[in-house]
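Heads up: the structure comes next, in C-alpha cells.
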Amino acid sequence: MKTELEHLLRSAIAQALPNCSVSEIPLERPRQADHGDFATSIALQLAKANGLNPRQLAQSIKDSLPPSEIVESCDIAGPGFLNFKLRSAARFAVVSQVLDAPEQFGRHLAGSKGSIQVEFVSSNPTGPLHVGHGRGAAFGASLSNLLALAGWKVQREYYVNDAGRQMDILTVSTWLRYLEQHQILLEFPPNGYQGDYVGVMAQALSRKHGEAFVRTASDVLTGTPGLPLTSAALDDKAREAQTEAHMDALIHSAKQLLGAGWGIIHSEVLEDQISDCRADLEEFGVVFDCWFSEQSLYDSGRVAQVIARLQERGHLYLKDGAVWFKSSAFGDEKDRVVQRENGIYTYFASDIAYHDEKFSRGLDRILNVWGADHHGYIPRVKAALIALGHDANRLVVPLVQFVSLFRNGEKVQMSTRKGQFVTLRALREETGRDAARFFYVLRKSDQALDFDLSLATSESNDNPVYYVQYAHARVHSVLTRWGGDVQDLAKSDLGLLGTESEILLAQQIARFPEVVDQAALDLAPHSIAFYLKELAASFHSWYNSAPFIVSEQPELTRARLALAYSSAAVLRQGLSLLGVSAPNQM
RNA sequence: CUGCCCAUAGCUCAGCUGGAUAGAGCAACGGCCUUCUAAGCCGUAGGUCGCAGGUUCGACUCCUGCUGGGCAGGCCA
C-alpha cells in the first residue's frame, strides 16, 4: 500500500519536475483522521530545493498523479502537504493479505538485506547469569528475530571468555571449596567466587575424582604472600594489591601442585558453567547458532598472528617492557597494551583477533551488543580493525543500559561484589518467561530500565503483557464460539467492513510491516512492544464496540471474524519476535 | 578534569533519520457486565518538551553553551 503510493508520487514528481531526482519520499500516517490515511511533505521539501511555491508544486504533483485503484482522494493542506485518503477496499485488503500467509506478513525475502551477525550476552562463564545479562539476552534475541524478519541472514553468537584470569580464579575457587569439603581448611580469598554454585561444582569433583585433587594446606599456601589482615596497617589500595597478588600466587601454586589435574578441573568447571548458561538461556527462549571460544583463538595461533600483522604494518611499539598498539592513530584517545611485560596477552589482544576473525567471515554487518559500561571500549576495537585494513563501519555496537529491580515500589539491592545479585533464573521463576521477555524490551535499550516485579507478576489490567496476550486470546475465544472453519474466512466479503473502529484496526494491522522495517533499521525491538500495545488497544476498542457474531448476518460475521483473525495473526507474529507466547486461552 | 548517554503530563515512558493541534499507560475523577472472557471499553482533567541562544517557511527532533543525573577513563575483563 505504502510502496504503491510511493510509486504514484514518484511518477507524478517525474512529470511535474522533470529535472529533479528524488531519493526518498516521506510518507507518514497522520495522527489525525481528517488528514487522510497517508500524508507526505515532499512538496515542501522539493519546493525549497527548487525555489518554488510549495502549494503550487503540491498542486502540480497532484495533477500529475496517475489514476489509481487504491486512492479515493488527494488533498492539499496546510503549507503544502498532500493528504491521501484510501478507498475502503484498499484499507481492508491487508486482511486477506494476512490471512493468505500469516507467517509471511511483514517478512522480507530471507537474506535479501545481506548477512549480519549479532553477538550478545557473552558473559564470563564464571557464574550464573543475572538480571543485567537477561536484558542483553532479551534485547539481542528480539533484535535478531526482528532482523531476520526484515530480510537479514542472521547469525546469533555468544563469545565465551574461557581464557584468562577470571576462569583461573573460578577454577581455584572451586578447588578451595573441594579442599574444604575434604577437611583441608584455608581462608577463602575475598576475591574468589563466593556463590553457592562453586560448592556444588566442588561436590561434583569429589563424586567424579574422589580425593585425587587433595593437597595439604601448607603446600597450597607455599609461595603466597597470604591474605592481608583486616587490622593491618595497610591502606585499602595496598590491601587490595596484596589480595590480588595472593590470588595470582594461589593460581600458580595450584597449577604446580595439580599438574594435569588443573586442566581437568578447569575444563570441567568451564563445561559446567557453559551448559548451565546454555540451559538457562534456552529456557528463556534464547538460542545461539555459535558459541565462540576465546581460548580457540590462542590454540589456533590466531592471536599471535593478528598481533604480528599489526607489527608488520608498523602499528606496534615497545614501552616499559610491554607491547603497545598505536590506537591513538586511529581515533582512540590513547594507546593500548596488547602484550604485558610478563609476555601474557591482554584481553584486548584476543578481542582484536576475535573481531578480525569475525570480519574474515564475509558478513555484511556485525553487531556487538554490549553493556553500556563498556562504551569506552568501542574506539579501541574500531581502531584495531582500521589498522588491520578492515572497514570498521561494518561494526555497530548497540549499548544496553543497566537494570534495577523494584518490588512493591522499593529498589531491590544488588551487589556483584558480595555475590548478592538476582539471577536471571530467579527472575524467570518469579515473573514467568513471557513477562520477563516483554518487560525487558519495553524500554529503549540505551535507557536505564526499572523492572517492576510487582507489575510484571500482577494479573491485572495494568500488566501490558496480559493486555496484549488477552487480545489474542479473545479472538480465539470468539472463533471457538463461532465454530466455523477458519479457512473459510479468507473468502469473506470484506466490503461489509467499514465502521470507524474497523478502519482503525485495519490501519494498525497494515502498519506492521512498516514498524518492522523501521525497528530493524533503528535496531529497536522496543518499537515492536509499543506497536503491539497499540494494536491490542485498537482490537479491544473494536471488540467492545459491537459483537462480532451476528446470527442473522452470517456474511457480516464472517467478515468481522476475518478482521479479528488477522489481528490475532499479527499479534502472534509480533509476540514471537519478542519471544513471548500467544495463548489461545487465558 | 575529559568522553559517551539521559532530561517530555503528578509517576513510568513513546515520539517514525525537521512537519500540521506533542501521544500512551498508571495514578485522579465520571460512566459501561441478564449479550462473543470486565486481564476489557468509553469519557474528563493533566504540558513553557531541563534552561538560554542559533540554523529555516517550520525544531521535542539538528548545532553551541549552561544546569542537573547516570556511566566510563587499568599491563582487569
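No experiment lies behind these values; they were computed from the predicted model shown. In what follows, chains carry the letters A, B, and so on, assigned in the order in which the sequence lines appear, proteins first and then strands, with residues in each chain numbered from 1.
- rC33(B) shows a glycosidic angle within 90° of 0 and is accordingly assigned syn.
- Classification of R511(A) and E514(A) as a salt-bridged pair fails, no side-chain N sitting under 4.0 Å from a carboxylate O.
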Item to check | Working for side-chain contact (heavy atoms from CB on, under 4.5 Å), residues L82(A) and L9(A) | outcome: CA-CA 10 Å; L82(A) 284 165; L9(A) 278 165; 4.2 Å; yes
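- Taken together, the paired segments of RNA chain B that extend over three or more consecutive Watson-Crick or G-U pairs, each closer than 3.5 Å at both contacts, are B:1-5 with B:69-73, B:10-13 with B:23-26, B:28-32 with B:40-44, B:50-54 with B:62-66.
- Using a 4.0 Å cut-off between a side-chain N of Lys or Arg and a carboxylate O of Asp or Glu, R165(A) and E244(A) qualify as a salt bridge.
- Distance, Y531(A) OH to rC16(B) C1': 14 Å, rounded to whole Å.
- Within the nucleic acid shown, A77(A) comes within 4.0 Å of at least one base atom, counting heavy atoms only.
- You'll find the ring centres of F451(A) and F439(A) inside the 6.0 Å limit.
- Side-chain nitrogen and oxygen atoms of Y565(A) include none within less than 4.0 Å of the OP1 or OP2 phosphate oxygen of rC36(B).
- Remark: the separation of the C1' atoms in rC26(B) and rC16(B) is 25 Å, to the nearest Å.
- The shortest distance between side-chain heavy atoms of V516(A) and Y531(A) does not fall below 4.5 Å.
- Within the nucleic acid shown, A546(A) comes within 4.0 Å of at least one base atom, counting heavy atoms only.
- Between the CD1 atom of I352(A) and the P atom of rA77(B) there is a distance of 13 Å, given to the nearest Å.
- What separates CZ of R474(A) from P of rA39(B) is a distance of 8 Å, to the nearest Å.
- As a whole-Å value, the separation of D446(A) CG from rA72(B) P is 16 Å.
- Atom P of rC63(B) sits at a distance of 22 Å from the matching atom of rG68(B), rounded to the whole Å.
- At the heavy-atom level, A473(A) lies under 4.0 Å from base atoms of the strands shown.
- Along RNA chain B, the nucleotide closest to T40(A) and the one closest to F548(A) are compared, and the more 5′ of them pairs with T40(A).
- Comment: K358(A) does not engage E157(A) in a salt bridge, judged by the lack of any side-chain N to carboxylate O separation of less than 4.0 angstrom.
- When the P atom of rC76(B) is taken as reference, atom CD of E240(A) falls 13 Å away, rounded to whole Å.
- For S541(A), the side-chain atoms get nearest to rC42(B) when compared with the rest of rC42(B), rA14(B), rC5(B).
- At least one side-chain heavy atom of S492(A) sits under 4.5 Å from a side-chain heavy atom of L489(A).
- Side-chain rings of F292(A) and Y354(A) approach one another, their centers coming within less than 6.0 Å.
- Out of rC41(B), rC36(B), rG19(B), the shortest distance to the side chain of L44(A) is found at rG19(B).
- Ranking rA14(B), rG74(B), rC76(B) by closeness to the R340(A) side chain, first place goes to rC76(B).
- We find that the ring of F81(A) and the base of rG19(B) do not stack by the test of centres under 5.5 angstrom and planes tilted less than 30°.
- With a 6.0 Å cutoff to the six-membered ring centre and a 45° limit on the axis angle, R474(A) does not count as a cation-pi contact of F539(A).
- Between F139(A) and H526(A), the distance separating the two ring centers is not shorter than 6.0 angstrom.
- With ring centers used as reference points, Y467(A) lies under 6.0 Å from H540(A).
- Residues from residues 511-529 of chain A that place a heavy atom under 4.0 Å from any atom of RNA chain B, listed by number: Q518(A), H526(A).
- For the pair M167(A)/P125(A), a side-chain contact is recorded, criterion being any heavy-atom separation below 4.5 Å from C-beta on.
- To the nearest whole angstrom, the two P atoms, one in rC51(B) and one in rA9(B), are 11 Å apart.
- Here rG73(B) is the nucleotide among rG73(B), rC75(B), rC6(B) with the atom lying nearest to any side-chain atom of K334(A).
- Spacing of C1' atoms, rC36(B) relative to rC41(B), comes out at 15 Å, to the nearest Å.
- Between the C1' atoms of rU61(B) and rA22(B), the separation comes to 11 Å (whole Å).
- Between the P atom of rG70(B) and the NZ atom of K411(A) lies a distance of 10 Å, rounded to the nearest Å.
- Here rA14(B) is the nucleotide among rA14(B), rA77(B), rG19(B) with the atom lying nearest to any side-chain atom of K444(A).
- Side-chain atoms of L147(A) and L523(A), non-hydrogen and from C-beta on, do get closer than 4.5 Å to each other.
- Ranking rG23(B), rG74(B), rC36(B) by closeness to the P547(A) side chain, first place goes to rC36(B).
- For the C1' atoms, the distance from rA20(B) to rA7(B) is 26 Å, rounded to whole Å.
- For rC6(B), the base has no donor-acceptor partner in the side chain of Q447(A) [N/O atoms by modelled type, under 3.5 angstrom].
- Residue N342(A) is classed as having no contact, given no heavy-atom separation below 4.0 Å to the nucleic acid.
- For R31(A), the listed nucleotide lying nearest its side chain is rA22(B); candidates were rG74(B), rA22(B), rA77(B).
- Where R336(A) and Q401(A) each meet RNA chain B at their nearest nucleotide, the meeting point lying more 5' is that of Q401(A).
- Here rA24(B) presents its C1' atom at 7 Å from NZ of K533(A), a figure rounded to the nearest Å.
- Between K411(A) and D450(A) there is no salt bridge, since none of the side-chain N atoms of the basic residue sits less than 4.0 Å from a carboxylate O of the acidic one.
- You'll find that the side chain of R443(A) is closest to rU12(B), out of rC71(B), rU12(B), rC75(B).
- For the P atoms, the distance from rA45(B) to rC6(B) is 34 Å, rounded to whole Å.
- Following rounding to the nearest Å, N83(A) (CG) and rG19(B) (P) show an atom-to-atom distance of 15 Å.
- Between the side chain of D373(A) and the base of rA77(B), no donor-acceptor pair of N or O atoms lies under 3.5 Å.
- Ring-centre distance between F548(A) and W542(A): below the 6.0 Å cut-off.
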Review item, nucleotides 2-4 of chain B N/O atoms under 3.5 Å of protein N/O:
unit_1, atom_1, unit_2, atom_2, d
rG3(B), N2, H375(A), NE2, 2.7

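- Closest to the side chain of Q45(A), out of rA77(B), rG19(B), rC41(B), is rG19(B).
- The structure places CD of Q401(A) at 8.5 Å from OG of S445(A), a figure rounded to the nearest 0.5 Å.
- Within 4.0 Å (heavy atoms only), F402(A) reaches sugar-phosphate atoms of the nucleic acid but no base atom.
- Comparing the P positions of rC60(B) and rG18(B) gives a spacing of 14 Å, expressed to the nearest Å.
- Here H35(A) counts as stacked on rA20(B): its ring centre is under 5.5 angstrom from the base ring centre and the planes meet at under 30°.
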